[in-house]
Protein chains: 2
Amino acid sequence: MTKGITRERIVTAALELLDDQGMDALTVRALASRLDVRAPALYWHVRNKQELLDEMATEVMRRVAGAFAAVPPGDGWRDDLTAYARVLRAEYLLHRDGARIFSGTRITDPDVVRMKEPLFERWAASGWKPADADDAVDLVTAFVVGFVIEEQERRQAAGTDPARYSIDQRDAWLGEGASLVKEAGHLQDDGDQRFERHLGMVLDGIAARLDA
Amino acid sequence: MTKGITRERIVTAALELLDDQGMDALTVRALASRLDVRAPALYWHVRNKQELLDEMATEVMRRVAGAFAAVPPGDGWRDDLTAYARVLRAEYLLHRDGARIFSGTRITDPDVVRMKEPLFERWAASGWKPADADDAVDLVTAFVVGFVIEEQERRQAAGTDPARYSIDQRDAWLGEGASLVKEAGHLQDDGDQRFERHLGMVLDGIAARLDA
DNA sequence: ACCTGAACACCGTTCAAGT
DNA sequence: ACCTGAACACCGTTCAAGT
């Protein structure tokens, strides 16, 4: 019952371990211990640690695809891409350093990639060619990845070094002058609001190029 | 002459080691050996490996700031942001996994952050408030980070596993159906062209929101 | 087929001791 | 002030041996 390690159980446990303890604590030994086996046992199911990380990233993207599929189809590409961007960000935010760890990794499951097909079909009806659809998805993905990497770094820094995150401390650290940079720092919003505003700009840019 | 380790020499050597051998080979011992000292010597100059990584990221951003400063001022924000995006991408591309490693890290040198000030001043003349300028820079940065992470992953995958990167192999891997996804894969361009096109969309989006 | 014990060649980091 | 030798508590991975 609790024994009988499988590839899936390993990946699930690895994601839990990452969330609980962080990337540095995600060791083969610790993972094995969480699954009640010794470290070498894992090598029967997984070639090496890199393959484990690829599988973890694929699982995260599978969940993104699943969450997106559960969203009712929107009224055109803009709704669809908005939903996709939100789902992707939400899934990254669920895991420590999720964006940095899981972006740009090799997806091992073709089903995850094939989930783009119905989207591409819908958008074709509104005049987008496959190349356009591909550009749009990749651009939104790149934006979300970059945004969330910065967001998670900021969050973590605020946790470990709250002093550095106070506005006064930052102003002092910046030294004399740089008044516009400081002012921008004072006004900067965080989180959802900022994300939605930036996402809106990206989508405006897509509209400008692809909706002739 | 060759002895007398300094913080800067350590960081420079660390970047060289990363480029030569990759992230996994960037160990404290290997770095020390390259500098002709024993590993513990480095701990006199740097608190720990994380601090070394922060310094490396800061050095990379210092070079970005330097390269950008060498570009003649453009004719408005669009020229400036285009130049910035290109310089940032170029610097990331110089280092293995540069975008993933150096994005979202704590900048340790205030001068690097202060370099935004003259830009913000110029853009103020064309009606941008500091908050607008901040949004624009951060959005372009997020895009470049996400784009180059994907780009470098693709490049590295093509190196280690060229089979997977042939179009036929990918089609076979995707299985039946998914014809639009496959078609997009066939047409996808790489590198500079794709970067410029996507960057153009991001800048269009910024224009749509901020140039009222 | 699936798992363990023992081992190998490493890690990052500390610290007393040297100059 | 700056560096070394030796050590500590770990790593990822391999492999013969067990069931």
Side-chain angles (χ1 to χ4, degrees), chain A residues 1-59 96-97 100-102 105-106 108 156 160-161, chain B residues 1-59 96-97 100-102 105-106 108 156 160-161:
Chain A
M1 173 129 265
T2 154
K3 256 310 173 48
I5 299 317
T6 65
R7 222 157 205 275
E8 289 125 60
R9 283 196 61 211
I10 293 174
V11 170
T12 306
L15 285 169
E16 288 169 11
L17 183 54
L18 171 67
D19 297 344
D20 288 356
Q21 315 251 44
M23 192 60 179
D24 288 349
L26 177 57
T27 69
V28 174
R29 281 171 226 268
L31 178 55
S33 150
R34 180 177 271 251
L35 290 162
D36 245 327
V37 294
R38 305 314 132 221
L42 300 184
Y43 287 82
W44 180 262
H45 304 274
V46 165
R47 186 150 37 177
N48 52 34
K49 193 175 181 181
Q50 184 53 57
E51 188 173 294
L52 172 65
L53 293 173
D54 289 348
E55 288 296 341
M56 290 169 70
T58 298
E59 173 61 21
R96 275 210 216 179
D97 288 320
R100 163 173 275 124
I101 295 172
F102 298 125
T105 44
R106 186 85 116 282
T108 61
Q156 163 175 354
T160 59
D161 185 3
Chain B
M1 173 128 265
T2 156
K3 259 310 175 46
I5 299 317
T6 65
R7 221 157 206 272
E8 289 126 60
R9 284 196 59 211
I10 293 174
V11 170
T12 306
L15 284 170
E16 289 169 11
L17 183 54
L18 171 67
D19 297 344
D20 289 356
Q21 317 251 44
M23 193 58 178
D24 287 349
L26 177 57
T27 69
V28 175
R29 283 171 225 266
L31 179 55
S33 152
R34 183 176 267 252
L35 290 163
D36 245 327
V37 294
R38 306 313 134 222
L42 300 184
Y43 287 83
W44 180 261
H45 304 275
V46 164
R47 186 151 34 178
N48 52 34
K49 194 175 180 180
Q50 185 52 57
E51 187 173 294
L52 172 65
L53 292 172
D54 289 347
E55 289 296 341
M56 290 169 70
T58 299
E59 173 61 22
R96 275 210 216 180
D97 287 319
R100 163 173 276 128
I101 295 172
F102 298 126
T105 44
R106 185 85 115 283
T108 61
Q156 163 174 353
T160 59
D161 186 2

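Here is the naming used below: chain letters follow the sequence lines, and residue numbers restart at 1 for every chain.
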message = Taking the minimum atom-to-atom distance to the side chain of A:Ile5, which one of C:dG12, C:dC3, D:dT13 wins?
response = C:dC3

ask   = For A:Asn48 and D:dG12, what is the distance between atoms CG and P respectively, to the nearest whole Å?
value = 11 Å

remark   = In this structure, CD of B:Glu16 is separated from CG of B:Leu31 (nearest 0.5 Å) by 10.0 Å

key: B:Arg29 CZ to D:dA7 P, straight-line distance once rounded to whole Å   = 14 Å

query = Say you draw a straight line from CD of B:Glu51 to NE2 of B:His45; how long is it, rounded to the nearest 0.5 Å?
reply = 12.0 Å

key: Interatomic distance, B:Thr105 atom OG1 to B:Leu53 atom CG [nearest 0.5 angstrom]   = 9.0 Å

message = Can you measure A:Lys49 atom NZ to C:dC11 atom P for me and round it to whole angstrom units?
response = 15 Å

query = Picking from B:Thr58, B:Asp54, B:Leu18, what satisfies side chain to side chain contact (heavy atoms under 4.5 Å, CB included) with B:Phe102?
reply = B:Leu18

ask   = Rounded to the nearest Å, what distance is computed from the CZ atom of residue B:Arg47 to the P atom of nucleotide C:dG12?
value = 18 Å

task = Give the rounded distance in Å between these two atoms: CG of A:Leu52 and P of D:dG12.
result = 10 Å

inquiry  = Using Watson-Crick or G-U wobble geometry with both distances under 3.5 Å, which nucleotide pairs with C:dC11?
reply    = none

ask   = When the distance from CD1 of A:Ile10 to P of D:dG12 is rounded to whole Å, what number comes out?
value = 14 Å

task = Kindly say if A:His45 contacts the phosphate of C:dC3, meaning a side-chain N or O under 4.0 Å from OP1 or OP2.
result = yes

key: Given DNA chain C, 5'-ward residue of the pair A:Pro40 and B:Ala25, judged by closest heavy atom   = A:Pro40

For atom CG of A:Leu26 and atom P of C:dC11, their distance in whole Å = 20 Å

message = Distance check needed: D:dG12 C1' versus A:Leu31 CG, whole Å only.
response = 13 Å

Shortest side-chain distance from A:Ala41, nucleotide among C:dG12, C:dC3, D:dT13 = C:dC3

ask   = Where the side chain of B:Trp44 is concerned, which of D:dA1, C:dT4, D:dA7 is the nearest nucleotide?
value = D:dA1

task = Report the base-pairing partner of D:dT19 (Watson-Crick or G-U wobble, both distances below 3.5 angstrom), or none.
result = C:dA1

message = Base of D:dG5, side chain of B:Arg38 - is there a donor-acceptor contact under 3.5 Å?
response = no

task = Kindly point out which of D:dT13, C:dG12, D:dA1 is positioned nearest to the side chain of A:Tyr43?
result = D:dT13

ask   = Stepwise, does the salt bridge (charged side-chain N to carboxylate O under 4.0 Å, His left out) test hold for A:Arg7 with A:Glu59?
value = CA-CA 11 Å; A:Arg7 222 157 205 275; A:Glu59 173 61 21; over 6 Å; no

